[in-house]
Amino acid sequence: MTFRDWLEKKVSQGFEPDTSAPVGSSDNPSNRILTVANAFTVMRMLLTCLFLALFIQGICRPLAIATYAVAACTDWADGQIARRTQTVSWFGKLLDPICDRFLLFTGVLGLVIVGELPVWVAILVIARDCYLAGGALIVRRFRERPVDVVYIGKITTALLMFGFCDLLLGLPTIEGLGISSAAWLPGLNSVGGPVGLLFVYAGCVMSVITAIVYTAEGAAIVRESIRRGRRS
(Lines give C-alpha, C1' and ligand atoms only; values in the text may rest on other atoms or scores of the structure.)
Protein backbone atom coordinates (compact mmCIF):
# COMPACT_ATOMS: atom_id res chain seq x y z
CA MET A 1 0.00 0.00 0.00
CA THR A 2 1.37 3.40 -0.98
CA PHE A 3 1.34 6.41 1.34
CA ARG A 4 -1.41 7.96 -0.78
CA ASP A 5 -3.60 4.86 -0.50
CA TRP A 6 -3.03 4.68 3.27
CA LEU A 7 -3.88 8.36 3.64
CA GLU A 8 -7.10 8.13 1.63
CA LYS A 9 -8.25 5.09 3.61
CA LYS A 10 -7.45 6.72 6.95
CA VAL A 11 -9.22 9.98 6.05
CA SER A 12 -12.29 8.13 4.76
CA GLN A 13 -12.56 6.12 7.99
CA GLY A 14 -12.46 9.37 9.93
CA PHE A 15 -15.58 10.62 8.18
CA GLU A 16 -17.30 7.25 8.23
CA PRO A 17 -16.60 5.40 11.52
CA ASP A 18 -16.80 1.63 11.39
CA THR A 19 -19.99 1.17 13.40
CA SER A 20 -19.82 -2.56 12.75
CA ALA A 21 -16.68 -2.74 14.90
CA PRO A 22 -17.15 -3.50 18.62
CA VAL A 23 -17.82 -0.44 20.76
CA GLY A 24 -14.63 0.43 22.61
CA SER A 25 -12.32 -0.72 19.83
CA SER A 26 -9.92 1.61 18.04
CA ASP A 27 -12.25 1.76 15.03
CA ASN A 28 -15.33 2.52 17.12
CA PRO A 29 -14.39 4.34 20.38
CA SER A 30 -16.94 4.65 23.16
CA ASN A 31 -18.14 7.78 24.98
CA ARG A 32 -17.00 6.49 28.37
CA ILE A 33 -14.82 8.68 30.56
CA LEU A 34 -14.31 6.62 33.73
CA THR A 35 -12.05 3.83 32.48
CA VAL A 36 -8.83 2.34 33.82
CA ALA A 37 -6.96 3.48 30.71
CA ASN A 38 -8.12 7.08 31.17
CA ALA A 39 -7.13 6.92 34.85
CA PHE A 40 -3.59 6.01 33.74
CA THR A 41 -3.61 8.97 31.37
CA VAL A 42 -4.67 11.38 34.12
CA MET A 43 -2.04 9.86 36.40
CA ARG A 44 0.58 10.69 33.77
CA MET A 45 -0.39 14.35 33.96
CA LEU A 46 -0.16 14.37 37.77
CA LEU A 47 3.20 12.58 37.80
CA THR A 48 4.53 15.04 35.23
CA CYS A 49 3.68 17.98 37.49
CA LEU A 50 5.37 16.22 40.42
CA PHE A 51 8.49 15.55 38.34
CA LEU A 52 8.86 19.17 37.27
CA ALA A 53 8.53 20.42 40.86
CA LEU A 54 11.10 17.93 42.15
CA PHE A 55 13.58 18.41 39.31
CA ILE A 56 13.66 22.21 39.08
CA GLN A 57 13.86 22.65 42.84
CA GLY A 58 16.58 20.01 43.08
CA ILE A 59 14.82 18.33 45.99
CA CYS A 60 15.69 14.75 45.05
CA ARG A 61 16.94 14.09 41.54
CA PRO A 62 16.69 10.27 41.75
CA LEU A 63 13.04 10.57 42.80
CA ALA A 64 12.40 13.08 39.99
CA ILE A 65 13.95 10.68 37.46
CA ALA A 66 11.88 7.75 38.76
CA THR A 67 8.72 9.87 38.59
CA TYR A 68 9.40 10.85 34.99
CA ALA A 69 10.19 7.25 34.02
CA VAL A 70 6.94 5.98 35.55
CA ALA A 71 4.99 8.76 33.83
CA ALA A 72 6.59 7.82 30.50
CA CYS A 73 5.66 4.15 31.02
CA THR A 74 2.01 5.04 31.51
CA ASP A 75 1.98 6.30 27.92
CA TRP A 76 2.48 2.71 26.79
CA ALA A 77 0.29 1.23 29.51
CA ASP A 78 -2.89 3.24 28.89
CA GLY A 79 -2.94 2.38 25.18
CA GLN A 80 -2.39 -1.31 25.86
CA ILE A 81 -5.08 -1.41 28.54
CA ALA A 82 -7.60 0.43 26.35
CA ARG A 83 -7.09 -1.89 23.39
CA ARG A 84 -6.89 -5.15 25.33
CA THR A 85 -9.95 -4.40 27.49
CA GLN A 86 -11.85 -2.82 24.59
CA THR A 87 -12.25 0.49 26.43
CA VAL A 88 -10.88 2.87 23.79
CA SER A 89 -12.79 6.13 24.23
CA TRP A 90 -13.08 9.51 22.54
CA PHE A 91 -12.08 11.15 25.83
CA GLY A 92 -8.91 9.08 25.92
CA LYS A 93 -8.11 9.84 22.28
CA LEU A 94 -8.37 13.54 23.07
CA LEU A 95 -6.59 13.53 26.44
CA ASP A 96 -3.74 11.12 25.65
CA PRO A 97 -1.87 13.32 23.13
CA ILE A 98 -2.32 16.35 25.41
CA CYS A 99 -0.68 14.48 28.30
CA ASP A 100 2.07 13.24 25.97
CA ARG A 101 2.87 16.79 24.90
CA PHE A 102 2.84 17.98 28.51
CA LEU A 103 5.24 15.21 29.51
CA LEU A 104 7.60 16.05 26.66
CA PHE A 105 7.46 19.77 27.38
CA THR A 106 8.30 19.35 31.05
CA GLY A 107 11.20 17.03 30.25
CA VAL A 108 12.56 19.47 27.69
CA LEU A 109 12.11 22.57 29.83
CA GLY A 110 13.53 20.92 32.94
CA LEU A 111 16.72 19.86 31.13
CA VAL A 112 17.12 23.24 29.41
CA ILE A 113 16.67 25.11 32.70
CA VAL A 114 19.49 23.15 34.33
CA GLY A 115 21.65 23.51 31.18
CA GLU A 116 21.77 19.83 30.19
CA LEU A 117 19.98 20.04 26.83
CA PRO A 118 20.66 22.27 23.78
CA VAL A 119 18.11 25.08 23.60
CA TRP A 120 17.38 24.33 19.92
CA VAL A 121 15.87 20.97 20.90
CA ALA A 122 13.35 22.73 23.13
CA ILE A 123 12.55 25.22 20.37
CA LEU A 124 12.06 22.44 17.79
CA VAL A 125 9.90 20.21 19.97
CA ILE A 126 7.71 23.00 21.31
CA ALA A 127 7.40 24.80 17.96
CA ARG A 128 6.42 21.57 16.20
CA ASP A 129 3.74 20.81 18.74
CA CYS A 130 2.39 24.37 18.65
CA TYR A 131 2.22 24.06 14.87
CA LEU A 132 0.35 20.74 15.10
CA ALA A 133 -2.00 22.12 17.77
CA GLY A 134 -2.87 25.05 15.51
CA GLY A 135 -3.39 22.69 12.61
CA ALA A 136 -5.65 20.48 14.72
CA LEU A 137 -7.88 23.46 15.52
CA ILE A 138 -8.21 24.21 11.82
CA VAL A 139 -8.98 20.58 10.98
CA ARG A 140 -11.69 20.46 13.68
CA ARG A 141 -13.62 23.05 11.65
CA PHE A 142 -13.91 20.49 8.88
CA ARG A 143 -14.23 17.23 10.84
CA GLU A 144 -15.39 16.73 14.41
CA ARG A 145 -13.38 13.58 15.00
CA PRO A 146 -9.81 14.43 16.10
CA VAL A 147 -6.88 13.17 14.05
CA ASP A 148 -5.74 9.79 15.36
CA VAL A 149 -2.15 9.36 16.53
CA VAL A 150 -0.09 7.72 13.79
CA TYR A 151 2.39 4.93 14.49
CA ILE A 152 5.38 7.05 13.55
CA GLY A 153 4.21 9.57 16.14
CA LYS A 154 4.34 6.89 18.82
CA ILE A 155 7.90 6.04 17.77
CA THR A 156 8.83 9.72 17.99
CA THR A 157 7.40 10.01 21.50
CA ALA A 158 9.19 6.82 22.61
CA LEU A 159 12.56 8.06 21.30
CA LEU A 160 12.22 11.46 22.95
CA MET A 161 10.99 10.09 26.27
CA PHE A 162 13.75 7.48 26.41
CA GLY A 163 16.32 10.12 25.52
CA PHE A 164 15.05 12.54 28.15
CA CYS A 165 14.98 9.81 30.82
CA ASP A 166 18.59 8.93 30.02
CA LEU A 167 19.62 12.60 30.06
CA LEU A 168 18.01 12.95 33.48
CA LEU A 169 19.95 9.91 34.65
CA GLY A 170 23.16 11.07 32.95
CA LEU A 171 24.31 7.52 32.24
CA PRO A 172 25.76 5.88 30.26
CA THR A 173 28.01 8.51 28.71
CA ILE A 174 29.79 8.46 25.36
CA GLU A 175 32.78 10.25 23.91
CA GLY A 176 32.09 12.82 21.21
CA LEU A 177 31.63 10.98 17.90
CA GLY A 178 33.32 13.76 15.96
CA ILE A 179 31.05 13.45 12.94
CA SER A 180 30.05 17.11 13.15
CA SER A 181 31.85 20.33 14.02
CA ALA A 182 28.65 22.13 15.06
CA ALA A 183 28.84 23.38 18.65
CA TRP A 184 25.07 22.86 19.05
CA LEU A 185 25.35 19.10 18.52
CA PRO A 186 27.03 17.71 21.65
CA GLY A 187 27.61 14.00 21.32
CA LEU A 188 27.90 14.23 17.54
CA ASN A 189 30.77 16.72 17.73
CA SER A 190 33.89 16.33 19.86
CA VAL A 191 32.02 16.92 23.12
CA GLY A 192 30.81 13.82 24.91
CA GLY A 193 27.62 13.38 26.93
CA PRO A 194 24.87 10.94 27.90
CA VAL A 195 23.91 8.45 25.17
CA GLY A 196 20.36 9.78 25.51
CA LEU A 197 21.42 12.74 23.36
CA LEU A 198 21.51 10.44 20.32
CA PHE A 199 17.96 9.25 21.01
CA VAL A 200 16.82 12.85 21.39
CA TYR A 201 18.38 13.76 18.03
CA ALA A 202 16.69 10.75 16.42
CA GLY A 203 13.42 11.85 18.02
CA CYS A 204 13.88 15.35 16.62
CA VAL A 205 14.30 13.98 13.09
CA MET A 206 11.24 11.79 13.55
CA SER A 207 9.36 14.81 14.91
CA VAL A 208 9.85 16.64 11.63
CA ILE A 209 8.77 13.59 9.63
CA THR A 210 5.71 13.17 11.86
CA ALA A 211 4.77 16.82 11.34
CA ILE A 212 4.92 16.27 7.58
CA VAL A 213 2.66 13.19 7.85
CA TYR A 214 0.11 15.03 10.00
CA THR A 215 0.20 18.01 7.65
CA ALA A 216 -0.55 15.73 4.70
CA GLU A 217 -3.39 14.08 6.61
CA GLY A 218 -4.83 17.43 7.72
CA ALA A 219 -4.78 18.76 4.17
CA ALA A 220 -6.47 15.57 2.94
CA ILE A 221 -9.19 15.91 5.59
CA VAL A 222 -9.89 19.50 4.53
CA ARG A 223 -10.08 18.50 0.85
CA GLU A 224 -12.37 15.56 1.61
CA SER A 225 -14.62 17.70 3.80
CA ILE A 226 -14.97 20.34 1.11
CA ARG A 227 -15.69 17.62 -1.44
CA ARG A 228 -18.45 16.25 0.79
CA GLY A 229 -19.78 19.74 1.50
CA ARG A 230 -19.47 19.35 5.26
CA ARG A 231 -17.49 22.42 6.20
CA SER A 232 -18.96 24.05 9.30
Side-chain angles (χ1 to χ4, degrees), residues 33-82 91-133 149 153-174 176 184-188 191-207 210:
I33 295 178
L34 299 178
T35 67
V36 175
N38 290 343
F40 269 75
T41 304
V42 173
M43 183 174 67
R44 179 157 74 255
M45 180 75 77
L46 298 176
L47 288 173
T48 301
C49 294
L50 177 61
F51 153 75
L52 192 60
L54 292 172
F55 188 70
I56 292 179
Q57 296 180 25
I59 297 175
C60 180
R61 181 156 180 153
L63 179 58
I65 296 170
T67 302
Y68 191 86
V70 172
C73 289
T74 63
D75 179 48
W76 173 85
D78 59 7
Q80 288 294 314
I81 291 172
F91 179 76
K93 279 182 170 291
L94 181 64
L95 185 64
D96 183 67
I98 294 174
C99 290
D100 284 350
R101 302 284 73 76
F102 188 57
L103 180 61
L104 286 176
F105 284 1
T106 53
V108 166
L109 293 176
L111 289 166
V112 168
I113 289 172
V114 299
E116 298 179 14
L117 184 71
V119 176
W120 69 265
V121 173
I123 294 174
L124 174 65
V125 172
I126 294 176
R128 187 210 72 146
D129 279 5
C130 288
Y131 164 75
L132 291 180
V149 177
K154 293 181 180 295
I155 295 176
T156 300
T157 300
L159 285 171
L160 290 173
M161 286 185 179
F162 181 85
F164 292 149
C165 286
D166 185 74
L167 284 172
L168 292 169
L169 184 63
L171 293 171
T173 59
I174 58 172
W184 46 276
L185 287 174
L188 296 181
V191 179
V195 71
L197 280 168
L198 302 182
F199 285 89
V200 170
Y201 294 155
C204 287
V205 173
M206 295 294 285
S207 291
T210 303

Any donor-acceptor pair under 3.5 Å linking the side chain of Y68 with the backbone of L52? no

I'd like to know if the side chain of W120 reaches the main chain of W184, judged simply by a donor and an acceptor atom lying under 3.5 Å from each other, with no hydrogens or angles considered.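 Such a contact is found between W120 side chain and W184 backbone.
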
Mind listing the closest non-hydrogen atom pair of [X] and [Y] along with its distance?
X: L160; Y: S207; value: CD1-OG, 3.8 Å
X: P194; Y: D166; value: CB-OD2, 3.6 Å
X: G163; Y: F199; value: CA-CB, 3.9 Å
X: C99; Y: M45; value: SG-CE, 3.6 Å
X: T157; Y: R101; value: OG1-NH2, 3.6 Å
X: A69; Y: C165; value: CA-SG, 4.0 Å

Would F40 and M43 count as a side-chain contact (heavy atoms from CB on, under 4.5 Å) here? Give the steps. CA-CA 5 Å; F40 269 75; M43 183 174 67; 3.9 Å; yes

In Å, rounded to the nearest 0.5 Å, how long is the span from [atom1] of [X] to [atom2] of [Y]?
X: L54; Y: C49; atom1: CG; atom2: SG; answer: 11.0 Å
X: D75; Y: M161; atom1: CG; atom2: CE; answer: 4.5 Å
X: D78; Y: L95; atom1: CG; atom2: CG; answer: 9.0 Å
X: D129; Y: I98; atom1: CG; atom2: CD1; answer: 11.5 Å
X: L104; Y: L109; atom1: CG; atom2: CG; answer: 10.5 Å
X: I174; Y: L197; atom1: CD1; atom2: CG; answer: 7.0 Å

Please examine the side chains of L185 and V191, heavy atoms only from C-beta on, and report whether any two atoms are closer than 4.5 Å.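 They are not in side-chain contact.
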
Passes side-chain contact (heavy atoms from CB on, under 4.5 Å), V114 versus F55? Steps please. CA-CA 9 Å; V114 299; F55 188 70; 3.8 Å; yes

Intermediate values then yes/no, salt bridge (charged side-chain N to carboxylate O under 4.0 Å, His left out), D96 and R44: CA-CA 9 Å; D96 183 67; R44 179 157 74 255; 2.5 Å; yes

Which is it for L117 and F164 under the side-chain contact (heavy atoms from CB on, under 4.5 Å) test, yes or no, and what are the steps along the way? CA-CA 9 Å; L117 184 71; F164 292 149; 4.0 Å; yes

Let's go through V121 and L111 carefully: what are the C-alpha distance in whole Å and the side-chain angles of both, what is the deciding distance for side-chain contact (heavy atoms from CB on, under 4.5 Å) to 0.1 Å, and is it a yes or a no? CA-CA 10 Å; V121 173; L111 289 166; over 6 Å; no

Polar side chain donor-acceptor pair, T106 to T48, under 3.5 angstrom: no

